[in-house]
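Here's the structure we're looking at; comments come further down.
Below, chain A is the first sequence line, B the second, and so on; all start at residue 1.
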Amino acid sequence: MALTPARTPPGVLELLPLDQIAFQDMLDTIRRNFERFGFLPVETPVFELTDILLTKEGGETERQVYFVQSTGGLEKGGTPELALRFDLTVPLARYVAEHEHDLNFPFRRYQMQRVYRGERAQRGRFREFYQCDIDVIGKDSLSVRYDAELPAVIYNVFRDLKIGPFTIQLNNRKLMRGFFENLGVADGEAQTLVLREVDKLDKRGADYVRDTLTGEAFGLSADVVRKILDFVAIRSTSHADALAHLAALGQGGDTFNQGVAELREVLELIRAFGVPEAFYALNLSIARGLDYYTGTVYETHLVEHPQIGSICSGGRYENLAGHYTKSHLPGVGISIGATRLYWQLREAGLIGTGTSTVDVIVTQMDEAELPRYLAIANELRAAGIATEVVLEPGKLARQFKYADRAGIRFALVLGSDEIARDAVQVKDLRRQEQFEVPRAELVKTLRVELEQAAAMAAR
RNA sequence: GUGGAUGUAGCUCAGCCGGUUAGAGCAUCGGAUUGUGAUUCCGAGGGUCGCGGGUUCGAAUCCCGUCUUCCACCCCA
């Protein structure tokens with residue numbers, strides 16, 4: 001019989017156990033901080049009704065969505081009834097609209113689940129990946145103060161992930177739109193297109209963007225383009241510098257002035273939220289491609305690894321669920337693409353394999369003593385120590401090799417000698433040390449060893 | 001979805017002006033006086049050379065097609 005090659009479809013990230021542990025550690029850190037800031041957990045199904053997901057009718061969305069079809073439906077043909085979610089924001093909108101009367105507003109939710117996009121697979125781009133989102137949804141209105149809270153969450157998350165210095169970069173869509181209006185680019189659609197080009201500044205360089213904007217597609221004058229590029233080049237180097245830049249912008253139209261005022265308030269509050277000023281900055285080139293952002297927008301970059309790009313982004317939107325409810329539900333949210341982040345951190349050497357979740361392995365010296373080994377394991381487990389017992393007889397060398405490859409740090413050895421002395425040999429495979437402890441002190445000793453190991457790992 | 005490159009062992013690759021049984025390193029598995037791993041030594045398994053067709057006495061090697069993967073664009077986490 002011909003074998004079917006065992007392989008994953010392209011565009012997925014499947015990990016070996018120790019890597020999976022490292023990835024889960026990352027998710028745990030993110031979740032812990034989301035909860036610390038008082039966000040509530042929500043999970044939604046991987047698939048939604050097709051008409052819910054495709055309300056936007058955007059060609060891009062439809063091209064990237066995976067449809068889900070039952071066998072019966074397949075025979076009937078037509079557009080499938082179900083589709084896989086491609087982000088967590090659309091499901092959130094549906095969720096909030098559906099449960100509107102049972103939710104407490106402002107509604108603060110976090111959600112960490114996989115999403116699916118039918119993209120052409122490429123390095124560091126996935127078709128199945130985790131998003132870790134937090135959003136705050138207001139009823140009728142939502143203070144701009146929440147726009148300042150999210151950077152505080154971001155700061156706490158990435159500080160705890162210990163992946164080096166980073167900058168949360170801020171901009172405001174109102175400021176951008178107001179600025180474009182002043183230049184005569186009044187049409188919303190055109191502004192979006194210009195913003196999208198401006199977003200490529202860091203990647204493609206000023207010359208490319210200048211050529212595009214003065215070219216046929218946009219037809220802007222050289223003077224206007226120069227003003228845009230100068231404006232968009234503004235970056236702050238400190239809190240005071242950011243405020244000075246805002247002050248220097250002067251007055252524009254209503255939209256422009258509102259954008260400036262919002263940015264000023266957000267900046268002031270970010271500081272009050274306790275984010276050190278080295279970790280946030282004004283960057284007027286941050287545009288974000290998504291057209292539903294209406295105010296504050298964020299991107300976060302690692303200072304020492306700019307090639308990684310944004311590791312967390314989001315912003316303010318004026319009305320979350322307009323497709324599903326007449327209620328006006330403004331919100332602000334951010335998203336961490338955990339799968340890509342993990343993958344890139346690993347590529348950059350910033351994250352290694354995890355530590356095995358198994359603390360101790362009980363080796364099998366003497367098959368007849370198996371009940372004794374199992375009793376010890378039960379005692380350790382009761383004390384909260386994750387323990388594995390070797391159940392099949394075999395050479396000790398093999399057992400150690402197994403433990404080593406599994407990344408299990410401590411191995412217990414109990415043969416007739418130790419049993420006679422009522423003692424246990426504890427071998428630390430990492431430090432290549434072995435010592436004997438009285439049987440009665442085993443749990444206490446292992447606890448101390450494990451605490452030390454954890455403390456060393458945390459440094 | 002558009003354009004460009006790639007394809008030899010599980011992985012990284014060598015072999016390619018056509019010529020005997022296709023190689024290396026790493027990995028895997030086994031052994032080195034029976035209670036100690038990752039280091040050392042010895043040995044073993046593993047490839048219809050992406051797939052199909054063509055040229056030829058003879059193809060991993062040349063030609064055509066096809067698929068795959070990768071890169072860029074689009075878009076984005």
Length of the line joining A:Y402:OH and B:G30:P, which is rounded to integer Å: 15 Å
B:G50 to B:G3 separation - C1' atoms, rounded to the nearest Å: 23 Å
B:A32 phosphate, OP1 or OP2, under 4.0 Å from A:K395 side-chain N/O: yes
Candidates B:A77, B:G35, B:A38 - which lies nearest the side chain of A:D404: B:A38
Is_stacked (A:F129, B:A77) at 5.5 Å, 30 deg: yes
Atom pair distance, as rounded to whole Å: CG in A:L412 and P in B:G35: 18 Å
Atom-to-atom span, CG of A:L16 to C1' of B:U28 - whole angstrom: 15 Å
Gap between atoms NZ and C1', on A:K401 and B:C29 respectively (whole Å): 8 Å
Sugar-phosphate only, base, or nothing, as touched by A:Y130 at under 4.0 Å among non-hydrogen atoms: nothing
Watson-Crick or G-U wobble mate for B:C73, both contacts under 3.5 Å: B:G1
Polar side-chain contact A:Q399-B:G35 base: donor and acceptor under 3.5 Å: no
Spacing of A:F158 atom CZ relative to B:A77 atom P, expressed in whole Å: 13 Å
Sugar-phosphate only, base, or nothing, as touched by A:A403 at under 4.0 Å among non-hydrogen atoms: nothing
Same-atom distance (C1') from B:G31 to B:U20, integer angstrom: 34 Å
B:U66 and B:U21, which share atom name C1', separated by this distance in whole Å: 31 Å
A:Y298 vs A:I286 side-chain heavy atoms within contact, under 4.5 Å: no
N or O in side chain of A:R340 less than 4.0 angstrom from B:C76 OP1/OP2: no
Sugar-phosphate only, base, or nothing, as touched by A:E433 at under 4.0 Å among non-hydrogen atoms: nothing
Which residue lies more 5' along RNA chain B, comparing A:Y208 with A:S335 via nearest heavy atoms: A:Y208
Modelled atom types, side-chain donor and acceptor of A:E367 and A:Y373, under 3.5 Å: no
Sugar-phosphate, base or nothing in reach of A:V115, heavy atoms under 4.0 Å: nothing
B:U56 and B:U61, which share atom name C1', separated by this distance in whole Å: 13 Å
Given RNA chain B, 5'-ward residue of the pair A:Q432 and A:R117, judged by closest heavy atom: A:Q432
Nearest-Å distance for atom pair OH/P, residues A:Y293 and B:A77: 6 Å
Neighbour count above 12 (heavy atom, 6.0 Å) for A:E81 CD: no
Distance-only polar pair, side chains of A:R85 and A:T44, donor-acceptor under 3.5 Å: yes
Heavy-atom donor-acceptor pair, A:R196 side-chain to B:C74 base, under 3.5 Å: no
Base partner of B:G23, which must satisfy Watson-Crick or wobble distances under 3.5 Å: B:C13
Between B:G1 and B:A38 - P atom distance, rounded Å: 50 Å
Closest to side chain of A:E418, choosing from B:A77, B:C75, B:G35: B:G35
Between B:A77 (C1') and A:D135 (CG): distance, integer Å: 14 Å
Nearest listed nucleotide, side chain of A:R398, among B:U36, B:G35, B:G30: B:G30
Spatial distance of atom CZ (A:F166) from atom CG (A:L161) [nearest 0.5 Å]: 8.5 Å
Verdict with supporting geometry, A:F23 and A:Y130, ring pair (Phe, Tyr, Trp, His ring centres under 6.0 Å): CA-CA 11 Å; A:F23 180 67; A:Y130 271 90; 5.5 Å; yes
C1'-based separation of B:U12 from B:G47 [nearest Å]: 16 Å
Spacing of the P atoms in B:C75 and B:C29 (rounded, Å): 48 Å
Rounded C1' spacing from B:A9 to B:A24 in Å: 11 Å
Side-chain donor/acceptor contact of A:R405 with base of B:A38 under 3.5 Å: no
Row check, A:F410 ring normal vs A:K427 NZ/CZ: under 6.0 Å, within 45°: no
Distance, rounded to the nearest Å, where A:L429 contributes CG and B:U36 contributes P: 14 Å
